[in-house]
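Written below as structure tokens is the structure these notes are about.
Since the model is a prediction, treat every value here as computed from it, not as a measurement. All heavy atoms count here, side chains included; hydrogens, waters and symmetry mates do not.
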Amino acid sequence: MTAPLFSGRARRSVAALGAVSAGLLLLSACDKPTPLATVTVGTTTVSAEAACHDGKELSMEKVQECLTNLKDAKAVSYARGDTLRLGVEPDVVEDGKQWQAVLDGQPITEPSSNTYRSFPGADVFATGGQGEAPTSKKLAFVQVGRDGKPLAVWSFNLKLK
């Protein structure tokens, strides 16, 4: 008669330890989600992860592509005179990084290390008497590093009510 090398309880303990180790390994292989950017108009808030984020500096061509190619951008309705509120998670501005708001490819704020900006009564659809106002505008947040080079882009669509 031969004696078992491990008892049933020991085999179950080893199997459980192996399962936990495998689970932790799988979790560590997952990509960490990018921090969120948020746009609030009135009582409506939309948040999104970065549309463009490689974990390193983005080329200017990639930034332009991110600013113009907004197929999956979340939309929020905006009426003239509404307060536009923009925010980012603290991770976006840590280690000397900053962010800047861009409307239809043109910066509307200076780079900032604040996590929140508010524009009461702003008319982002004003044309300055230059024809009919568009019905939507592309709003983006661009994260820049200490050297001013772009690192990530978050994209939204503002829709005129």
Side-chain angles (χ1 to χ4, degrees), residues 16-126 133-161:
L17 182 60
V20 168
S21 297
L24 290 174
L25 182 63
L26 286 174
L27 284 176
S28 67
C30 295
D31 288 334
K32 180 181 173 188
T34 61
L36 296 177
T38 303
V39 175
T40 301
V41 177
T43 59
T44 304
T45 299
V46 293
S47 297
E49 285 190 29
C52 296
H53 183 270
D54 293 335
K56 57 184 189 260
E57 181 182 309
L58 298 174
S59 68
M60 290 314 286
E61 293 81 24
K62 182 70 174 174
V63 172
Q64 276 307 115
E65 180 184 321
C66 295
L67 292 175
T68 57
N69 194 9
L70 303 179
K71 292 180 186 132
D72 298 327
K74 294 194 177 178
V76 62
S77 294
Y78 181 88
R80 288 185 168 92
D82 280 349
T83 297
L84 179 65
R85 295 176 180 90
L86 311 176
V88 295
E89 289 186 346
D91 291 356
V92 174
V93 295
E94 68 184 9
D95 300 327
K97 297 175 193 149
Q98 298 181 318
W99 68 282
Q100 179 172 25
V102 177
L103 187 65
D104 280 347
Q106 299 299 316
I108 59 171
T109 65
E110 293 293 323
S112 173
S113 58
N114 294 326
T115 59
Y116 175 80
R117 299 288 307 259
S118 179
F119 303 92
D123 188 0
V124 298
F125 287 95
T135 58
S136 70
K137 293 244 181 179
K138 297 171 184 170
L139 175 66
F141 300 6
V142 179
Q143 180 189 39
V144 294
R146 289 180 190 220
D147 57 3
K149 303 222 170 135
L151 302 172
V153 178
W154 291 260
S155 300
F156 298 90
N157 278 323
L158 292 178
K159 303 267 185 197
L160 184 61
K161 283 185 188 176

Distance (rounded to the nearest 0.5 Å) between Trp99 CH2 and Asn114 CG:
8.5 Å
Can you give me the closest heavy-atom contact between Pro35 and Val92, atom names plus distance?
CB-CG2, 3.7 Å
Trp154 and Thr34: which non-hydrogen atoms are nearest, and at how many Å?
NE1-OG1, 4.5 Å
Where is the tightest heavy-atom contact between Lys62 and Cys52, given as atom of each residue plus distance?
CE-SG, 4.2 Å
In terms of heavy-atom contacts, Pro150 and Met60 come closest through CG-SD, 4.1 Å
Has Glu110 got more than 12 heavy atoms of other residues, nucleotides or ligands less than 6.0 Å from its CD?
no
Where Arg117 and Thr109 come nearest, the two heavy atoms and their spacing:
NH1-CB, 3.5 Å
Side-chain donor or acceptor of Asp54 paired with backbone N/O of Lys56 under 3.5 Å:
no
Answer yes or no: is there a side-chain heavy-atom contact under 4.5 Å between Val88 and Gln143?
no
Here the gap from Leu158 atom CG to Lys137 atom NZ, rounded to the nearest 0.5 Å, amounts to 9.0 Å
Quick one: does Asp104's side chain have a donor or acceptor within less than 3.5 Å of a partner on Lys138's backbone?
yes
Are side-chain heavy atoms of Leu139 and Leu86 found at a separation under 4.5 Å?
yes
As an exercise, state the distance from CZ of Arg85 to OH of Tyr116, rounded to the nearest 0.5 Å.
4.5 Å
Against Thr40, only a single residue in Leu84, Thr45, Asp82, Thr83 fulfils side-chain contact (heavy atoms from CB on, under 4.5 Å); can you say which?
Thr45
Taking atom OG1 of Thr38 and atom CD of Glu89, what is their separation to the nearest 0.5 Å?
7.0 Å
Please check if the side chain of Gln98 supplies one atom and the backbone of Val144 the other of a donor-acceptor pair under 3.5 Å.
no
Distance, nearest 0.5 Å, that separates OG of Ser59 from CD of Glu65
8.5 Å
To the closest 0.5 Å, what do you measure between NZ (Lys74) and CG (Asn157)?
12.5 Å
Shortest non-hydrogen contact between Leu67 and Ala140, atoms and distance
CD2-CB, 3.4 Å
Report the residues that fulfil side-chain hydrogen bond (donor to acceptor under 3.5 Å, both in side chains) with Ser136, sequence neighbours left out, ordered by chain and then residue number.
none
